[in-house]
Amino acid sequence: MQAGLRDALETAQKALALDPAQAEAAAVVGLARRRLALFAGTEEDFLEAGVALDRALGLNPGDAETQLERGLAYWFLFVRWTRPAWPLLSDANVAFPAAQPRLERKPEDVEKYRRLAAADLEALAQGKDEVLARAAHAFLLAMTAEPSQVLLAAEEALKNRLYRPELLRVRGRARMDLGTGEAANYAVVDYNSYLNVSPGEPGVWAERGIAQFRSGHHAEAVDDFARAEKEGAPAAEMAWNRTVCRVAGGQDAEALKEFAALLGPATQDAHRWTSRALLHARAERWPEAREDLTRAHNLAPTNEIVGVLLGEWQQALGDPRAALKTLNTILEARPKCHEAWVAR
């Protein structure tokens with residue numbers, strides 16, 4: 001698909017070079033740039049699409065399709081700054097959840113993208129073209145509304161056979177945001193339909209992996225995260241997600257192999273060291289478990305559950321002096337930690 005979009009972009013750019021007033025060619029340039037940006041594109045890629053679509057609308061001000069494309073270019077920019085860049089699964093066995101990194105951006109820039117997207121979408125939502133109006137309304141709600149509202153709007157827009165594929169992703173995300181296993185099952189169906197149309201978008205593979213995991217399909221989730229990485233998603237984040245899936249599916253040996261790619265001497269993520277420690281403990285590999293949990297405690301010395309657990313392990317492994325030191329560290333920071341007093 002990317003090759004076809006690049007060919008279309010190149011052809012349209014050549015046409016514009018010969019005749020800068022070709023509105024159709026200008027629209028193709030903007031559309032191709034916007035869709036190419038979905039394949040692990042940068043902020044600049046989306047902004048270039050917006051500029052190209054501005055030009056197309058200047059040549060043909062009444063083109064509603066081009067206006068929707070421009071609105072979506074800024075819509076995707078807003079969404080990528082307000083949702084986790086690459087969603088991470090949380091390990092329920094760990095005292096603190098996996099961080100959900102968001103790409104850092106100044107609030108005024110995020111608001112600028114929201115305003116630009118909303119201006120186009122609001123205009124179209126009030127327009128005469130019913131198909132575009134319903135689509136624009138769904139995208140508009142997806143920026144700020146509750147998941148249930150977004151879901152209803154997306155379902156209404158998807159009733160038309162000429163719906164835009166992006167609406168499937170909007171509905172899938174809304175179902176995921178509802179947070180139930182049943183909704184996740186339906187989200188998988190939406191992502192399946194979207195990927196049939198656009199199979200090379202890493203973000204969609206990662207989102208479907210999350211939906212598969214929440215539906216209890218751990219092996220399928222592992223495959224989706226692997227595909228997301230292949231298509232350009234960050235390797236470390238996708239390896240973490242695969243690890244959580246393998247642990248949930250009882251594949252401890254495979255999970256440890258995934259951890260080998262995640263952890264090293266320079267790793268500063270206490271959450272991941274704790275997760276592997278618990279995995280070692282489940283297999284009664286106590287020296288390895290203690291070593292990993294010690295690293296986690298050194299990185300997060302005031303985390304109560306990690307500290308108490310390490311103290312208990314140190315005591316059980318015949319090192320009461322180390323256990324006392326660990327538990328005292330917790331009690332200095334958390335004097336009311338009942339579990340630490342009991343363990344000491």
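Sequence positions, counted from 1, serve as the residue numbers for this chain. Since the structure is predicted, the reported quantities are computational estimates derived from the model, not experimental observations.
- Looking at Val197 and Leu195, their side chains never come closer than 4.5 Å, going by heavy atoms from C-beta outward.
- A 4.5 Å side-chain heavy-atom check between Thr66 and Asn60 finds every atom pair outside the cut-off.
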Please output the side-chain donor-acceptor pairs of residues 314-325 that fall under 3.5 Å, not counting sequence neighbours, one pair per line with the distance.
residue, atom, partner, partner atom, Å
Gln314, OE1, Ala323, N, 3.4
Gln314, OE1, Thr326, OG1, 2.8
Gln314, NE2, Thr326, OG1, 3.4
Asp319, OD1, Ala322, N, 3.3
Asp319, OD2, Arg290, NH2, 2.7

Contacts table for residues 244-256: side-chain donor-acceptor under 3.5 angstrom, sequence neighbours left out:
residue, atom, partner, partner atom, Å
Arg246, NE, Glu258, OE2, 3.1
Arg246, NH1, Gln251, OE1, 3.4
Asp252, OD1, Arg282, NH2, 2.5
Asp252, OD2, Arg282, NE, 3.1
Asp252, OD2, Arg282, NH2, 3.3

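- Annotation for Leu331: hydrophobic cluster partners, listed by chain and number, are Trp341 (ILVMFWY side-chain heavy atoms under 4.5 Å, direct or chained).
- Residues meeting the side-chain contact (heavy atoms from CB on, under 4.5 Å) test with Ala206, sequence neighbours left out: Trp86, Ala228, Met238.
- The environment of CD in Glu155 is crowded: more than 12 heavy-atom neighbours from other residues, nucleotides or ligands sit within 6.0 Å.
- Of the residues listed (Arg173, Arg34, Arg171), the one engaging Glu166 in a salt bridge (charged side-chain N to carboxylate O under 4.0 Å, His left out) is Arg34, and it is the only one.
- Salt-bridge formation is not detected for the pair Glu122/Arg115: no Lys NZ or Arg NE/NH1/NH2 atom is positioned less than 4.0 Å from an Asp or Glu carboxylate oxygen.
- Under a cut-off of 6.0 angstrom, the local environment of CD in Glu111 is crowded, with over 12 non-hydrogen atoms contributed by other residues, nucleotides or ligands.
- With sequence neighbours excluded, the residues that form a salt bridge (Lys or Arg N to Asp or Glu O under 4.0 Å) with Arg334 are Glu304.
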Next on the checklist: Evaluate Val170 against Phe139 for side-chain contact (heavy atoms from CB on, under 4.5 Å), listing each step before the verdict.
Outcome noted: CA-CA 7 Å; Val170 168; Phe139 286 119; 3.5 Å; yes
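- Residues satisfying the salt bridge (Lys or Arg N to Asp or Glu O under 4.0 Å) criterion with Arg214, sequence neighbours excluded, are absent altogether.
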May I have the list of side-chain donor-acceptor pairs in residues 130-138 shorter than 3.5 Å, sequence neighbours left out?
residue, atom, partner, partner atom, Å
Glu130, OE2, Arg134, NE, 3.4
Glu130, OE2, Arg134, NH2, 2.6
Arg134, NH1, Glu156, OE2, 3.4

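- Contact annotation: the side chain of Arg33 never approaches that of Asp45 to less than 4.5 Å [non-hydrogen atoms, C-beta and beyond].
- A salt bridge links Glu65 to Arg164: one of the charged nitrogens lies within less than 4.0 Å of a carboxylate oxygen.
- Judged as a salt bridge (Lys or Arg N to Asp or Glu O under 4.0 Å), and not counting sequence neighbours, Lys336 has no contacts.
- The salt bridge (Lys or Arg N to Asp or Glu O under 4.0 Å) pairs that include a residue from residues 53-64 are Asp54-Arg70, where partners are two or more places apart or lie in different chains.
- In this view, Asn298 and Thr294 satisfy the side-chain contact (heavy atoms from CB on, under 4.5 Å) rule, not counting sequence neighbours.
- Proximity of Leu293 to Trp313: side-chain heavy atoms (C-beta onward) are separated by under 4.5 Å at one or more points.
- His280 and Glu288 share no donor-acceptor pair across their side chains, judged by distance under 3.5 Å alone.
- Between the side chains of Glu332 and Thr329, no donor-acceptor pair is found at a separation under 3.5 Å.
- Other members of the cluster containing Leu151 are Leu178, with ILVMFWY side chains joined at under 4.5 Å, either directly or via other members.
- Not counting sequence neighbours, the partners of Asp19 by the side-chain contact (heavy atoms from CB on, under 4.5 Å) test are Ala21, Gln22.
- Salt-bridge annotation for Glu182 and Arg175: absent, with no side-chain N of the basic residue lying under 4.0 Å from a carboxylate O of the acidic one.
- In this structure, Arg208 and Phe213 have side chains that are not in contact, with every pair of non-hydrogen atoms separated by 4.5 Å or more.
- Taking the side chain as every heavy atom from C-beta outward, Tyr74 and Leu53 never approach each other to under 4.5 Å.
- Side-chain contact between Phe259 and Trp240 is present, with at least one heavy-atom pair separated by less than 4.5 Å.
- Salt bridge Lys14/Glu10: present, at least one basic N to carboxylate O contact under 4.0 Å.
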